[in-house]
Amino acid sequence: MIKKLSARQNEKSLKALMPAVGETVSIQFQVPRKRFTLKLLGFKENGSVILSAPKGSVNTLNLEGARLTATLMAGNRRCAFVSRLLKANPSPYPHWHLAYPDTVEYHRVRTHPRIPVNLAVSMDHQDEVQAAKLGMPRILHTQDISLNGISVDASSALGQVGDKYFLTLRFQINTLDQVILLPAVLRTIENVEPGVMLHGLEFESLEEETQLLITAFVYQQYLSELGYLEDE
């Protein structure tokens with residue numbers, strides 16, 4: 001059975017949602033039971049969806065033609081569609097063709113788009129008893145940040161949805177080092193690949209100065225991504 005994203009769904013075409021090339025796509029086969037984390041290379045309406053092939057040696061003989069569920073982000077929408085693997089091509093580079101979906105289910109999950117970063121995060125549970133059970137504070141890693149939240153990678157779940165934490169971040173704005181403390185709430189936990197749990201946290205009750213620093217850092221990263229700022 002394909003899990004629904006939520007009790008109430010919205011539907012659009014993949015072309016209307018326009019997910020970005022390079023977006024991470026989670027692929028779940030039901031029979032045989034296999035899961036892969038791939039990258040979106042492109043798509044052609046009423047043709048196929050092209051993804052990167054899994055790394056390493058993967059036997060695709062029993063996967064071609066098999067039904068699958070694909071999930072990915074398109075802006076601030078989390079999307080899912082049912083498809084099947086049409087062909088696994090080894091050349092001119094390893095890539096997969098999925099059947100183009102008739103419709104894509106989606107729901108809005110982010111107020112602000114997230115910007116890619118590469119930062120260490122010190123994470124501590126606000127409940128001292130839970131912090132001790134989870135071995136916190138712990139130094140973890142984030143790959144993206146927004147004006148109102150951040151994602152954190154870990155090898156296992158760091159609590160339950162609704163738990164509250166303190167996050168400590170160190171980053172540079174222009175050439176100035178900044179260290180800030182961010183109260184946050186755990187909103188989502190997702191097993192994105194074996195041994196990797198992605199935690200989505202929303203900032204809450206930020207002081208004005210902290211909010212200004214986060215805003216300055218996020219927009220600095222955004223301008224850098226667009227090529228308006230040169231890396232030091």
Side-chain angles (χ1 to χ4, degrees), residues 1-117 143-144 146 149 151 153 188-200 222 225-227:
M1 180 180 293
I2 304 302
K3 288 186 177 181
K4 294 290 185 180
L5 291 177
S6 64
R8 181 177 297 175
Q9 293 297 320
N10 299 302
E11 291 186 350
K12 284 188 176 183
S13 68
L14 190 62
K15 182 180 179 180
L17 290 165
M18 281 302 290
V21 171
E23 191 69 57
T24 298
V25 184
S26 178
I27 299 295
Q28 176 72 62
F29 289 92
Q30 298 301 315
V31 181
R33 195 167 184 82
K34 298 283 186 180
R35 184 184 180 94
F36 301 100
T37 301
L38 309 176
K39 294 293 184 181
L40 178 65
L41 301 181
F43 60 87
K44 182 178 181 181
E45 189 175 14
N46 300 321
S48 65
V49 179
I50 307 172
L51 305 179
S52 63
K55 295 180 180 179
S57 178
V58 176
N59 183 3
T60 60
L61 292 179
N62 60 344
L63 294 179
E64 290 188 355
R67 284 170 56 84
L68 58 90
T69 302
T71 58
L72 72 161
M73 294 300 301
N76 62 351
R77 299 180 179 95
R78 181 170 177 78
C79 308
F81 61 86
V82 175
S83 181
R84 58 190 176 88
L85 176 59
L86 295 176
K87 186 68 177 178
N89 288 326
S91 62
Y93 53 86
H95 64 284
W96 283 9
H97 283 268
L98 307 186
Y100 190 85
D102 294 330
T103 59
V104 177
E105 295 179 349
Y106 72 92
H107 73 287
R108 190 179 302 272
V109 295
R110 296 174 184 167
T111 304
H112 302 282
R114 292 187 176 176
I115 307 300
V117 294
Q143 295 185 4
D144 56 59
S146 75
S151 66
D153 298 340
T188 61
I189 305 175
E190 182 181 2
N191 186 2
V192 294
E193 59 184 82
V196 179
M197 305 289 287
L198 187 65
H199 300 72
Y222 178 65
E225 281 291 305
L226 292 177

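Side chains are part of it too, since the values below use all heavy atoms of this structure and drop only hydrogens, waters and symmetry mates.
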### Query
Is there a side chain to side chain contact (heavy atoms under 4.5 Å, CB included) between E45 and Y100 once you walk through the steps?
CA-CA 7 Å; E45 189 175 14; Y100 190 85; 3.7 Å; yes
In short, ring-ring contact (aromatic ring centres under 6.0 Å, His included) pairs touching residues 48-83 with sequence neighbours left out are none
Sorted by chain and residue number, the side chain to side chain contact (heavy atoms under 4.5 Å, CB included) partners of P32 (sequence neighbours excluded) come out as K34, N62, L63
Note: R77 and Y106 closest approach over all heavy atoms is CD-CD1, 3.3 Å
Minimal heavy-atom distance between V49 and A99, with the atoms involved, is CG2-O, 4.4 Å
In short, S26 meets R35 closest at the heavy-atom pair OG-NH2, 3.0 Å
Taken in chain and number order and not counting sequence neighbours, the residues that satisfy salt bridge (charged side-chain N to carboxylate O under 4.0 Å, His left out) with E23 are none
>> Could you tell me if the side chain of R33 sits less than 4.5 Å from the side chain of Q28, heavy atoms only?
In response: yes
All heavy atoms of L98 vs all of I27, minimum pair found to be CD1-CD1, 4.0 Å
With sequence neighbours left out, the residues meeting side chain to side chain donor-acceptor pair (under 3.5 Å) with N89 are H95
Q: Step by step, work out the side chain to side chain contact (heavy atoms under 4.5 Å, CB included) result for E64 and R84.
A: CA-CA 8 Å; E64 290 188 355; R84 58 190 176 88; over 6 Å; no
Residues at least two apart in sequence or cross-chain that pass side chain to side chain contact (heavy atoms under 4.5 Å, CB included) with V196, listed by chain then number, are V192, E193
Residues L85 and H97: closest non-hydrogen pair is CD1-O, 3.5 Å
dist Q30:CD -> L68:CG (nearest 0.5 Å) comes out at 9.0 Å
Here the ring-ring contact (aromatic ring centres under 6.0 Å, His included) pairs for residues 35-71, sequence neighbours left out, are F36-W96
Taken to the nearest 0.5 Å, the spacing of L72 CG from L14 CG works out to 7.0 Å
Applying side chain to side chain contact (heavy atoms under 4.5 Å, CB included) to S13 and not counting sequence neighbours gives K15, A16
Applying side chain to side chain donor-acceptor pair (under 3.5 Å) to K87 and not counting sequence neighbours gives none
What one should report as the nearest heavy-atom pair of L38 and S52 is CD1-O, 3.3 Å
>> Could you check whether any side-chain heavy atom of L51 comes within less than 4.5 Å of a side-chain heavy atom of L40, counting everything from C-beta outward?
In response: yes
Those residues at least two apart in sequence (or on a different chain) that pass side chain to side chain donor-acceptor pair (under 3.5 Å) with S83 are none
The side chain to side chain donor-acceptor pair (under 3.5 Å) partners of T188 (sequence neighbours excluded) come to none
Does any part of the side chain of M73, heavy atoms only, come nearer than 4.5 Å to the side chain of T24, both counted from C-beta?
no
Across all chains, not counting sequence neighbours, the side chain to side chain contact (heavy atoms under 4.5 Å, CB included) partners of D153 are H141, Q143, L198
Let's go through K12 and V104 carefully: what are the C-alpha distance in whole Å and the side-chain angles of both, what is the deciding distance for side chain to side chain contact (heavy atoms under 4.5 Å, CB included) to 0.1 Å, and is it a yes or a no?
CA-CA 5 Å; K12 284 188 176 183; V104 177; 5.8 Å; no
